[in-house]
Amino acid sequence: MNVPGICAVIGSGTMGPGIAALLARHGSEVRLNDISQEALDRAESACTAASGALDQLGTPVTEGGSVSFELDAAAALDGAELVIEAVPEEIGLKRRVLERIEAAVGTGVVIATNTSGIPISDMAAAMAHPQRLVGMHWSNPPHLIPMIEVIRGERTDPAVETATVAIVEALGYKAVVEKEVPGFVENRVLYAIMRECLSLVEQGVASQEDIDTCVKWGIGYKLAVIGPMRLLDMAGLDIYSSVSGYLNPDLSDEKGISPLVTKLTEQNRLGMKTEDGMYPYAEGEVAAKRADILRGLVTVRKALSEITPV
Ligand SMILES: NC(=O)c1ccc[n+]([C@@H]2O[C@H](COP(=O)([O-])OP(=O)(O)OC[C@H]3O[C@@H](n4cnc5c(N)ncnc54)[C@H](O)[C@@H]3O)[C@@H](O)[C@H]2O)c1
Ligand SMILES: Cc1ncc(CO)c(C(=O)O)c1O
């Protein structure tokens, strides 16, 4: 199945433009909406950059695709066959936006939320037709990371989930989340890794730099080729049993926010957006790092596409 003819993406911040660019690449007429004209102005250059990255990847262009930038939500939603909500991760805002989307589209239109981990059923609670809400969790940067989680809520119509899986499979790789646990699969695994890494820095076990090197060139490299379940078979479940027996009780079980992250956020050291966070950034260094990251993701994605999935 190809992607829908007309899509609306509601929210044009970090995620919206890359989502729109990829859908347009596959032939959709995409309307990108935001309440901020400045965000829409930034989105135009973000979409151009995303399209350039897709050129480098060699992603074929399906004729007929386009992205328009709409401050008027009604204009963006008019005739949409798929709506993707990508506004900030705040359930009250998402519920209000979903209500407005519902009022503007037919009951047969799939409404997908890009929430990072809010249970779909919680978001659907305010909807008149909750059966058409489905989770479609993209990863940043959305035009390059080909895996998209599909998450159904308690009242999601199975046909809506099936249609969403078909769209995802036209774009990349699906991971169907069978139970809508907070964080779904990707972010639960990612946040478990980040919790342990932050704990290791807080304990002085290793520096940020060496932890990044260890994870990138150790498990990150390996897991890019061998999924964790396959790796268990490769290592041997007996090995896992022996090691996890003494290691699991010692892993971080921090239930709150990392004290180091709390300290840094209180100091407004938020990372690249403030040019200081886990690392300091000299003038111009953030743009250079972002370019390096995108170049690296394109290069690795090309290499991975050369191998058969293990
Ligand atoms: N940033 C990431 O790495 C990432 C990755 C995957 C999923 N997500 C999820 O995607 C969603 C969006 O995240 P983001 O990082 O793009 O957020 P963001 O804050 O960068 O962008 C959100 C955009 O929504 C706009 N907006 C706010 N209210 C609106 C409304 N009523 N109508 C239309 N637009 C509105 C804002 O002006 C802003 O431009 C969140 O649920 C987030 O958890 C984020
Ligand atoms: C830190 C962090 N949190 C959430 C997400 C996605 O929902 C990402 C990501 O996509 O990379 C992330 O890095």
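When a ligand or atom number is given, it counts from 1 through the structure's own listing order. Only a predicted model underlies this, so the values are computations on that prediction, with no experimental measurement involved.
Listed by atom number, the atoms of ligand 1 under 4.0 Å from Ala39 heavy atoms are 39 (O). Distances below 4.0 Å separate heavy atoms of Ser116 from the following atoms of ligand 2: 6 (C), 7 (O). Close contacts of ligand 1 with Lys94, meaning ligand atoms under 4.0 Å from a residue heavy atom, involve 40 (C), 41 (O). Shown in contact with Leu190 at under 4.0 Å from a heavy atom are these atoms of ligand 2, numbered in order with element: 2 (C), 12 (C), 13 (O). Each of the following atoms of ligand 2 lies closer than 4.0 Å to a heavy atom of Tyr191: 1 (C), 2 (C), 3 (N), 4 (C). Below 4.0 Å from some heavy atom of Ser12 lie the following atoms of ligand 1, by number and element: 23 (C), 39 (O). Within ligand 1, counting atoms from 1 as listed, the ones closer than 4.0 Å to a heavy atom of Thr115 are 41 (O). The Asn33 neighbourhood of ligand 1 comprises atoms 33 (C), with distances under 4.0 Å to a heavy atom of that residue. Each of the atoms 24 (O), 34 (N) of ligand 1 lies under 4.0 Å from some heavy atom of Gly11. When each atom of ligand 1 is checked for a heavy atom of Arg100 under 4.0 Å away, the hits are 31 (N).
Remark: Glu149 does not engage Lys174 in a salt bridge, criterion side-chain N to carboxylate O under 4.0 Å.
At least one N or O atom of Glu89, backbone or side chain, sits closer than 3.5 Å to an N or O atom of ligand 1.
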